[in-house]
Amino acid sequence: MSQERLARAAGIDRSYLAGLERQSKNPTIDVLDRISEALSVHPFDLFVKPSSCASILKTSPHRPKRPHLPRKKR
């Protein structure tokens, strides 16, 4: 599911969802509940450690991984 589609289904902004994925934003309980409903999973499932095969699912086979660029210091 794309970020945009998940954000729309959960009723949150896509850039906020991207911040959650990057761990630069902290979700409220309400946001976690809306995301879990959009994904049709129990909120607890959002806290379960991914299985070893999860790394395979992180990138699409149709799109290569982007190289990691160092963050600019402010």
Side-chain angles (χ1 to χ4, degrees):
M1 179 182 288
S2 70
Q3 274 186 352
E4 191 166 334
R5 185 173 168 200
L6 177 56
R8 194 176 321 120
I12 59 177
D13 189 77
R14 191 212 49 85
S15 62
Y16 178 71
L17 182 61
L20 294 175
E21 287 186 353
R22 287 190 312 273
Q23 300 176 354
S24 64
K25 301 286 185 188
N26 295 312
T28 63
I29 297 295
D30 180 55
V31 168
L32 289 173
D33 187 52
R34 291 174 10 202
I35 291 171
S36 68
E37 281 187 28
L39 293 171
S40 300
V41 299
H42 191 277
F44 174 80
D45 293 328
L46 300 176
F47 298 96
V48 175
K49 186 174 180 175
S51 67
S52 60
C53 68
S55 63
I56 296 169
L57 302 174
K58 284 187 177 181
T59 59
S60 168
H62 306 290
R63 190 171 46 174
K65 260 187 170 179
R66 289 189 285 172
H68 176 71
L69 300 175
R71 286 186 159 178
K72 291 181 182 178
K73 292 189 177 186
R74 293 181 184 196

Return yes when atom CD of E21 has more than 12 non-hydrogen atoms of other residues, nucleotides or ligands closer than 6.0 Å, and no otherwise.
yes
Please name all residues satisfying side chain to side chain contact (heavy atoms under 4.5 Å, CB included) with P27, sequence neighbours left out, ordered by chain then number.
Y16, L20, V31, L32
Quick one, I35 with I12, criterion side-chain contact (heavy atoms from CB on, under 4.5 Å). Give me CA distance, side-chain angles, the key distance, then yes/no.
CA-CA 9 Å; I35 291 171; I12 59 177; 4.0 Å; yes
Does a donor on one side chain sit under 3.5 Å from an acceptor on the other, for S15 and D13?
yes
Can you give me the closest heavy-atom contact between M1 and L39, atom names plus distance?
SD-CD2, 4.1 Å
Of L46, V41, V48, the one forming a side chain to side chain contact (heavy atoms under 4.5 Å, CB included) with F44 is V48
side-chain hydrogen bond (donor to acceptor under 3.5 Å, both in side chains): pairs with one or both residues in residues 35-50, sequence neighbours excluded:
none
